[in-house]
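Just the heavy atoms: all of them, side chains too, but no hydrogens, waters or symmetry mates, feed the values below. This is a predicted model, so every value here is computed, not measured. Throughout, a chain's letter reflects where its sequence line sits, starting with A, and its residues are numbered from 1.
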Amino acid sequence: MAKKTKSTGGSKTYSFFDDVFEVAKLIPKGRVTSYGAIAAYLGTKMSARMVGWAMNAAHGDKKVPAHRVVNRMGMLTGKHHFKTPTAMQKSLEKEKIKVINDKVVDFDKHFWDPAKELS
DNA sequence: GACATGACGATTT
DNA sequence: GAAATCGCCATGT
């Protein structure tokens with residue numbers, strides 16, 4: 001995490017947001033993770049809310065697969081923030097991830113824990 | 001510069 | 001067992 005703190009000259013008060021982006025980008029295809037998992041990986045100081053908020057900021061960064069990040073129950077809570085409400089589900093289905101009722105099927109199987117995978 | 005709010009989660013009552 | 005509350009930091013007004 002935070003390999004290179006862009007804070008330098010970065011007028012944009014970056015911080016852990018950058019880390020969240022990094023982790024999000026590392027999510028393998030066909031896998032999903034939760035806000036809390038990322039938060040736990042970055043540190044207890046991080047709360048799931050911040051991760052979600054970070055994703056909001058990630059809106060401008062196409063490289064950030066926000067569609068692979070869902071809440072603890074595997075629900076696509078942030079789909080409303082996408083260009084279209086169905087873009088998120090569509091993207092997941094494209095990766096063989098079934099989504100029913102805005103919820104990821106077999107979330108446990110598709111769950112990707114950065115703390116373990118990136119350990 | 002202070003107040004309110006936001007893609008959540010865990011703990012406590 | 002369910003509902004209510006706190007925590008956490010950044011952003012926009």
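- Taking atom P in both dT5(B) and dT5(C), one finds a spacing of 16 Å when rounded to whole Å.
- Applying the under-4.5 Å side-chain rule to Ile, Leu, Val, Met, Phe, Trp and Tyr, the cluster around I100(A) extends to V105(A).
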Pairs under 3.5 angstrom only: tabulate donor-acceptor contacts from the side chains of residues 69-84 of chain A to other protein residues two or more places apart or in another chain.
from: N71(A); atom 1: OD1; to: M73(A); atom 2: N; distance (Å): 3.2
from: N71(A); atom 1: OD1; to: G74(A); atom 2: N; distance (Å): 3.0
from: N71(A); atom 1: OD1; to: M75(A); atom 2: N; distance (Å): 2.6
from: K79(A); atom 1: NZ; to: D102(A); atom 2: OD1; distance (Å): 2.8
from: K79(A); atom 1: NZ; to: D102(A); atom 2: OD2; distance (Å): 3.0
from: T84(A); atom 1: OG1; to: A87(A); atom 2: N; distance (Å): 3.3

Just distance, no hydrogens or angles: give the donor-acceptor pairs under 3.5 Å from side chains in residues 46-53 of chain A, sequence neighbours left out.
none

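- Evaluation of the salt bridge (Lys or Arg N to Asp or Glu O under 4.0 Å) rule for K25(A) yields D61(A) as partners, not counting sequence neighbours.
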Taking protein heavy atoms under 4.0 Å as touching, what does nucleotides 6-13 of chain B look like 5' to 3' if B marks base contact, S marks sugar-phosphate-only contact and - marks none? BBBSS---
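- Shown here are the salt bridge (Lys or Arg N to Asp or Glu O under 4.0 Å) partners of E117(A), two or more places apart in sequence or in another chain: there are none.
- The gap from the P atom of dC6(C) to that of dA4(B) amounts to 15 Å, rounded to the nearest Å.
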